[in-house]
Amino acid sequence: MSDYKDSATKKLRNTKNVTGSEAILLSFLEEGVSTLFGYPGGAIMPFYDTLHQYDGCFRHILTRHEQGAIHAAQGYARVTRKTGVCLTTSGPGATNILTGLADAYMDSTPLVCITGQVISSLVGTDAFQETDILTMSMAVTKWNTQVTKAEDIPEIMAKAFYIANSGRPGPVLIDFTKDVFSSKMSFNYESCTSLRTYIPKFQALPEQVDKAARWINTAARPMLLFGQGIILSKAEEELKLFVERSGMPAASTLLGLSALPVSHPLYMGMLGMHGNYAPNIMTGETDLVIAIGMRFDDRVTSTVSTYLRQARIIHVDIDPTELGKNMDTDLEVEADAKSFIHSILPLLENNDHSDWIAGFMLKLQEEQKEVFQKDLHPVDGKIQMGEAITKVAHSAGDQAIVITDVGQHQMKAARYFPFASPRTFVTSGGLGTMGFGLPAAIGAQLGCPDKKVVAFTGDGGLQMTMQELVTIAQEELPVKIIVLNNGYLGMVRQWQELFFDSRYASTKLKNPDFVKLAEACGIKADRVNEREDLDTKVEAAFAYPGAFLLEVVVENEENVFPMVPPGAAVTDMILK
């Protein structure tokens, strides 16, 4: 980063008479931005012309679609905990990032998205490639605004970065009319550290902390549910101390994965529709739940009327709108996860919950017998997703960053990859966006160039953003792409099998030759059909120094179990 900033400082010396485009670039430098993801077009062309003149100050990643650009910015933000930056033009360029904005909004990903707009005098006239992106994006951004005067740029940019990455993070969109990019102004930047109308609350009230500690210390069967709020507040170490001091079993939401090593003896697995059997079943027996940095999503609770009815519930979240939204709770604590855990740690007593934990172990054994054995150690038939994922994990190592698309492979990767370090799992949670995985892997690899990045995707999801294979090749990124190909839109097909009498309506896929496709894009590739070749070909993929696509042909009609049937209580989870 220092190299970029030093270079830019030399080139952008005159801050008294700069263009709007230069003011945006200077603002990026003030905020520590070095990587940009985008796609040029007519309305934003003056900005790109300026960016080109200052080549060397930033690394710009030209994706092959604007949706790819914003998903890449998301991947970058998720692994670095920095604010991702996405650039697009007006009209279709702007509308093409709406899916990514919605995804980032639901998954609390900090982004600043810059869109070009027609010149000020044409706004509202239905000019060529004009869309009202502010109205369209209002529901899926934390804040959005339009800039029509160059002198407003420093203040708005500072405000945008502050809002995007403070409190509960989220995406911000700034729409610039084309004439602003070329207008002259005097640049003076002051970082934003507070806003009168936006004050995130970080500290819990002392009386709330005291009450929570008393309840935890006296509970016979306590349980911790944690989500991505732990990762967003960088509270992974505090979480580990909390679990070990309280002695309580802990379970993660999908987006909370990697906050606590899956090998930790008090980690009981993942919650939710396709989570682990033990933590889901045991929510029906707990007498106290403390939920930190999670929002009681319907994929976790299933039928709310039956969820945790017998337990006291403490809910800790930095976003007050999440408190009481989905679940009636006994103690609502508006606070940052790191701050809350730090405050409560001295008040926790060392408790022995070994008898309570023994119940989890019995459920784990049931799952191992009915599910793990079939998924991980099949003796005949086609390759199973679970065994492919474990082979990849062996070659990649437990420090690798795992990116997934959405579907059956997503759930299998979440269940079977041995996450050991924070921010090593990136997926689309709230929106469930097919096509997310491949471009997100681009951003993740750029954000952590020294780490192995593995992108698990399905044959359906890959085809939604497969044009980004070319971006990977152009940027020479050593991403390992594992395509688990079952010839179906697998998760939809599973529901059709179980709940629609096996009427496979519009889910069977005729796929391209993924190996030839990757090779045509400049990426080395191979295919594995037989189990006896799996080890060798996975090892070869990871031994290769550059990007590699490995297509693994898996069982066509494999299902993901355990599963909470739709409309059922989580305690009615089925193993097969």
Side-chain angles (χ1 to χ4, degrees), residues 1 4-5 8-9 11-36 38 43-44 46-48 50-51 54 57-58 73 77 82-90 94 97 101 104-105 109-121 123 132-138 140-200:
M1 177 57 219
Y4 283 110
K5 193 163 186 177
T9 301
K11 292 183 177 182
L12 299 174
R13 285 175 179 165
N14 182 11
T15 60
K16 297 299 181 185
N17 188 31
V18 302
T19 64
S21 295
E22 290 174 309
I24 296 170
L25 294 175
L26 284 167
S27 300
F28 285 157
L29 291 171
E30 292 287 345
E31 295 293 342
V33 174
S34 60
T35 305
L36 311 171
I44 202 170
F47 173 83
Y48 268 88
T50 303
L51 178 62
Y54 296 105
C57 301
F58 303 91
K82 298 177 181 178
T83 302
V85 176
C86 176
L87 313 165
T88 71
T89 194
S90 64
I97 66 169
L101 286 170
Y105 187 73
T109 305
L111 299 178
V112 169
C113 298
I114 305 295
T115 56
Q117 186 55 276
V118 299
I119 61 173
S120 303
S121 61
V123 171
D132 184 0
I133 195 61
L134 292 187
T135 300
M136 291 182 183
S137 64
M138 187 175 296
V140 291
T141 52
K142 198 173 173 185
W143 179 61
N144 68 9
T145 191
Q146 188 175 78
V147 179
T148 59
K149 297 178 181 178
E151 56 264 33
D152 295 336
I153 290 175
E155 181 180 358
I156 288 177
M157 292 290 287
K159 183 177 177 182
F161 277 92
Y162 173 69
I163 292 174
N165 213 348
S166 61
R168 179 179 180 176
V172 168
L173 182 141
I174 313 174
D175 193 43
F176 289 87
T177 57
K178 187 175 181 179
D179 45 309
V180 169
F181 294 126
S182 302
S183 300
K184 294 286 187 176
M185 60 162 296
S186 179
F187 183 85
N188 181 42
Y189 197 87
E190 294 183 11
S191 296
C192 181
T193 57
S194 65
L195 291 170
R196 184 173 56 85
T197 56
Y198 170 64
I199 306 174

Between the side chain of Tyr189 and the main-chain N/O of Ala158, is any donor-acceptor distance below 3.5 Å?
->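 Side chain of Tyr189 to backbone of Ala158: a pair is present.
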Is there a donor-acceptor contact under 3.5 Å from the side chain of Thr83 to the main chain of Pro110?
->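 Such a contact is absent between Thr83 side chain and Pro110 backbone.
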Compare every heavy atom of [Y] with every heavy atom of [X], then report the nearest pair and how far apart it is.
X      : Y      : value
Ser166 : Lys142 : O-NZ, 2.7 Å
Leu101 : Pro171 : O-CG, 3.6 Å
Asn188 : Pro154 : O-CB, 3.5 Å
Val18  : Phe187 : CG2-CB, 3.9 Å
Ser21  : Thr50  : CB-OG1, 3.3 Å
Ile174 : Ala160 : CD1-CB, 3.6 Å

Hey, mind stepping through Leu134 and Leu173 against side chain to side chain contact (heavy atoms under 4.5 Å, CB included) and telling me if it holds?
-> CA-CA 8 Å; Leu134 292 187; Leu173 182 141; 4.0 Å; yes
Within a radius of less than 6.0 Å around OH of Tyr105, do more than 12 heavy atoms belonging to other residues, nucleotides or ligands occur?
->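 Not buried by this count: 12 neighbours or fewer within 6.0 Å.
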Check the surroundings of atom CD in Glu151: do more than 12 heavy atoms from other residues, nucleotides or ligands lie under 6.0 Å from it?
->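 Check passes, neighbour count above 12.
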Taking C-beta and beyond as the side chain, do [X] and [Y] meet within less than 4.5 Å on heavy atoms?
X      : Y      : answer
Leu111 : Cys86  : no
Leu25  : Cys57  : no
Leu36  : Ile114 : no
Met185 : Val180 : no
Trp143 : Tyr198 : no
Val123 : Val118 : yes

Could you tell me the separation between the [atom1] atom of [X] and the [atom2] atom of [Y], rounded to the nearest 0.5 Å?
X      : Y      : atom1 : atom2 : value
Tyr54  : Leu26  : OH    : CG    : 8.5 Å
Thr115 : Asn144 : OG1   : CG    : 9.0 Å
Glu22  : Ser27  : CD    : OG    : 11.5 Å
Met157 : Cys192 : CE    : SG    : 13.0 Å
Asn165 : Thr109 : CG    : OG1   : 10.0 Å
Lys149 : Ile156 : NZ    : CD1   : 10.5 Å

For Phe181 and Ile44, run side chain to side chain contact (heavy atoms under 4.5 Å, CB included): C-alpha distance rounded to whole Å, both residues' side-chain angles, the deciding distance at 0.1 Å, then the answer.
-> CA-CA 8 Å; Phe181 294 126; Ile44 202 170; 3.9 Å; yes
Under 30°, 30 to 60°, or over 60°: which ring-plane class applies to Phe28 and Phe161, parallel, tilted or perpendicular?
->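 It falls in the perpendicular class, over 60°.
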Are Tyr48 and Leu51 close enough, and set up right, to give a side chain to side chain contact (heavy atoms under 4.5 Å, CB included), and what steps lead you there?
-> CA-CA 5 Å; Tyr48 268 88; Leu51 178 62; 4.2 Å; yes
Which pairs, with at least one residue in residues 164-193 and sequence neighbours excluded, count as a salt bridge (Lys or Arg N to Asp or Glu O under 4.0 Å)?
->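 Non-adjacent pairs meeting salt bridge (Lys or Arg N to Asp or Glu O under 4.0 Å): Arg168-Asp319, Arg168-Glu322.
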Side chain to side chain contact (heavy atoms under 4.5 Å, CB included) between Phe47 and Thr19, worked out | CA-CA 9 Å; Phe47 173 83; Thr19 64; over 6 Å; no
